[in-house]
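This report refers to the structure that appears directly beneath it.
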Amino acid sequence: MRQRGFAAPAPPPPMDSQRAAAVRAIAERHAGSRGPLLPILHAVVEELGHVAEEDVATIADVLNLSRADVHGVVTFYHDFRRTPPVAHRVELCRAEACQAVGAQAVFDAVTQRYAGDEDVEIGQVFCFGNCALGPSGTIDGRLRGRLTAELVDAELEASR
Amino acid sequence: MTTVYVPCDSAAVAVGADAVARALEAVDGITVLRNGSRGALWLEPLVEVETDRGRIGYPAVSAPAVAELVAGGMLDGGDVGGCVGVVDELPWLAGQQRVSFARVGVIEPTSIAAYEAHGGYAGLRRALSMDPAAVVEEVVESGVRGRGGAGFPAGIKWRTVAGATADVKFVCCNADEGDSGTFADRMLMEGDPFTLIEGMTIAAHAVGATEGYVYIRSEYPAAVTTMRRAIEIAYAHGWLGERIQGSDTSFDLYIRVGAGAYICGEETSMLESLEGRRGEVRAKPPIPALHGLFGRPTVVNNVLTLGAVPMILAEGAAAYQARGVGRSRGTQVFQLAGNVRQGGIVELDFGVTLGELVEGYGGGTLTGRPVRAVQVGGPLGAYLPPEQFDLPMDYEAFVEAGAMVGHGGIVVFDDTVDMAGMARFAMEFCAAESCGKCTPCRIGSTRGVEVIDRIRAGVRREENLVLLEDLCTTMTKGSLCAMGGLTPMPVQSALAHFPEDFGLPPAVGEAAEEAIPDEASAAREGTRP
């Protein structure tokens, strides 16, 4: 049921002081450039794997923004993942050019095959710019063309 | 030593070029150079061997096949492994008019010496010797139009920025090429990055800007790496930074990486994103030329627009103006994609017909089945049947036919395609990628998916078709930017040309064209996403 009036503010997430220091260092490194928030978030994902709830407050503090501003940006963009990364990530293109050569069937087969696998995460992407050699996808960041479900298996096997 | 070229373009790497390069490096007597891609993507990895006759091409080389090719005389240009002969003489390539892509695939992307040896920096040298206002006029006279989709004359935009006064002005390159079926921006940045840097520097000199940003989508990591490297090299050689080549022009250039939001290909949401905010579209006016990045006058152009500028300055506006048809001047870099036998880059003067591109250069479908539909201009472009293959590639002719040239991307589908499914996907994509700022796009797209589902299921089909038309009109007229405004284009064109896929009687002849309402075919201001 919806609550009337102001709800009590959510308790701040527990802080990991080492992580907070790392995030603060990243934010301070970029703070001098124009419009630094996206470069900071990219760096946090690259160096720490994901943007945790607690990082938002740290970044907001360094940039003198509200937490809401930072939260709004983090949640707008697909790239700023908010959960720790899994061991392997497969991204498959579902855009028109890849659909024209059967990307949907590959996507369905791969998502089904790795449905229960906790080490593998399957994501959809709209276009890698490899539209003449589709279906395209990345396996742990390696771009591959003319993908089949079997090729995804083989590439993942090579990664493991 | 024999020089062997192995493309480093992502498309070639995606089919094994790196492994081929490593295998060749292990062979004695070979110097392996990494060039960009020639754009003949169905031949990748296309290995080229330098010989007295020219560069001889070997298509679709795999790493395990290298030893056999070398033993068969590949290093002397021998006829093994389906050798295609001298690459420059391939009819597919020789028939093209490569201007923007003249160097792509020929040189090593980050070799500034090779760039200059192939005519690079001639445009900027000339521009720096000219009065900035004269440079702007040269671009106006060339007639070059924005390659991002809307086709707005670039020179007019520059003139507006040049005429504005501010403490700082910016040049921004929109390299958030998110449209499916387009990859020319990526290939130019990966294959000839200095062209873009030179074009942006000329723009900066012309309008009095001192700072520039290239906003590259994160799905193009190789383009980001190559551009960053090229910028470092340009600084080291005095082509960026303070007092470029001893002139009074100073220009600093930075790379910014997108974060997976398609809408950031729209110029105002790209500016929002560069400023570190959610990529939500801004209402226009004020136009970015006067009130752009951080509220300052800003040139925002697409990669291919800025990439065409060095040639215009090097050879003069007249040389560029002499190419093309009607008000579509110069060349367009067409991209053949999807279910096509010979996919890749085809750069030709405007005016070539759609059929020549799809059937001629493209060689029909990859599956060998008949072409049923092509989508021109990205996910927001119209679906056209083969009956319209005589359409010339020309901004105005396409608008008249209820379609758009857009970015020059052409996606081919064979006769197994379900066009009602593609129409649904257009709405689904819009729902996934809408920035959410305006209602017609944010909510209309979701309702669009539902209505199309009901039409496909045969639920009160007549009534729902009326509803769909109504919804499309609302989206077209009421959306803030081209994302919501153009999503009805693929939907309505699919419905007009392929009604049988929606459970309706087939279209006959002219009726199909008349079925597209005027508002959908009217060209819209604003740029792609």
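Quick caveat: nothing in here was measured; it's all calculated off a predicted structure. Numbers restart at 1 for each chain; the letters A, B, ... are given by sequence-line order, proteins then strands.
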Give, as side chain, backbone, both or neither, the part of [X] having an atom under 4.5 angstrom from any heavy atom of chain A.
| X | result |
| --- | --- |
| B/Gln335 | neither |
| B/Tyr254 | neither |
| B/Leu274 | backbone |
| B/Val417 | neither |
| B/Gln375 | side chain |
| B/Glu428 | side chain |

What part of A/Arg94 gets closer than 4.5 Å to chain B, counting heavy atoms only: side chain, backbone, both or neither?
both
Below 4.5 Å from any heavy atom of chain B, which atoms of A/Val73 appear? Answer side chain, backbone, both or neither.
both
Count the heavy-atom pairs under 4.5 Å between each of [options] and chain B, then report the option with the highest count.
| options | result |
| --- | --- |
| A/Val70, A/Leu41, A/Leu133 | A/Leu133 |
| A/Gly145, A/Gly137, A/Gly141, A/Cys127 | A/Cys127 |
| A/Ala103, A/Ala95, A/Cys93 | A/Ala95 |
| A/Gly129, A/Pro39, A/Pro36 | A/Gly129 |
| A/Phe80, A/Tyr77, A/Phe128 | A/Tyr77 |

Report the option among [options] that has the most heavy-atom pairs separated by less than 4.5 Å from atoms of chain A.
| options | answer |
| --- | --- |
| B/Gly279, B/Ala261, B/Ala337, B/Gly344 | B/Gly279 |
| B/Gln342, B/Glu433, B/Met187 | B/Glu433 |
| B/Phe413, B/Phe183, B/Phe425 | B/Phe425 |

Look at atom CD of A/Gln18 and say whether more than 12 heavy atoms of other residues, nucleotides or ligands are closer to it than 6.0 Å.
no
Atom CD of residue position A/Glu47 - does it have more than 12 heavy atoms of other residues, nucleotides or ligands inside 6.0 Å?
yes
Taking atom [atom1] of [X] and atom [atom2] of [Y], what is their separation to the nearest 0.5 Å?
| X | Y | atom1 | atom2 | result |
| --- | --- | --- | --- | --- |
| B/Asp179 | A/Cys131 | CG | SG | 9.5 Å |
| A/Phe126 | B/Phe429 | CZ | CZ | 6.0 Å |
| A/Leu37 | B/Arg278 | CG | CZ | 12.0 Å |

Report, by ascending residue number, the residues of residues 217-225 of chain B in heavy-atom contact with chain A at a distance under 4.5 Å; give 'none' if the set is empty.
B/Arg217, B/Ser218, B/Glu219, B/Tyr220
Applying a criterion of heavy atom separation less than 4.5 Å, what residues of residues 10-19 of chain B form contacts with chain A?
B/Ser10, B/Ala11, B/Val13, B/Ala14, B/Val15
A/His78 (side chain) donor-acceptor with B/Tyr262 (main chain) under 3.5 angstrom
no
Please check if the side chain of B/Arg256 supplies one atom and the backbone of A/Gly35 the other of a donor-acceptor pair under 3.5 Å.
yes
Nearest non-hydrogen partners of B/Ser180 and A/Ala97, listed with the distance
OG-N, 2.9 Å
Kindly give the heavy-atom pair with the smallest separation between B/Val411 and A/Ala100, and that separation in Å.
CG1-CB, 4.4 Å
Any [X] side-chain heavy atom under 4.5 Å of [Y] side chain:
| X | Y | value |
| --- | --- | --- |
| B/Glu280 | A/Phe76 | yes |
| A/Gln99 | B/Met422 | yes |
| B/Ser273 | A/Leu38 | yes |

Does a side-chain N-to-carboxylate-O contact under 4.0 Å join B/Glu211 and A/Arg34?
yes
Ion pair A/Arg146/B/Glu44, N-O distance below 4.0 Å:
no
Please identify which of these residues, B/Thr365, B/Val340, B/Asn339, meets the side chain to side chain contact (heavy atoms under 4.5 Å, CB included) condition with A/Val101.
B/Asn339
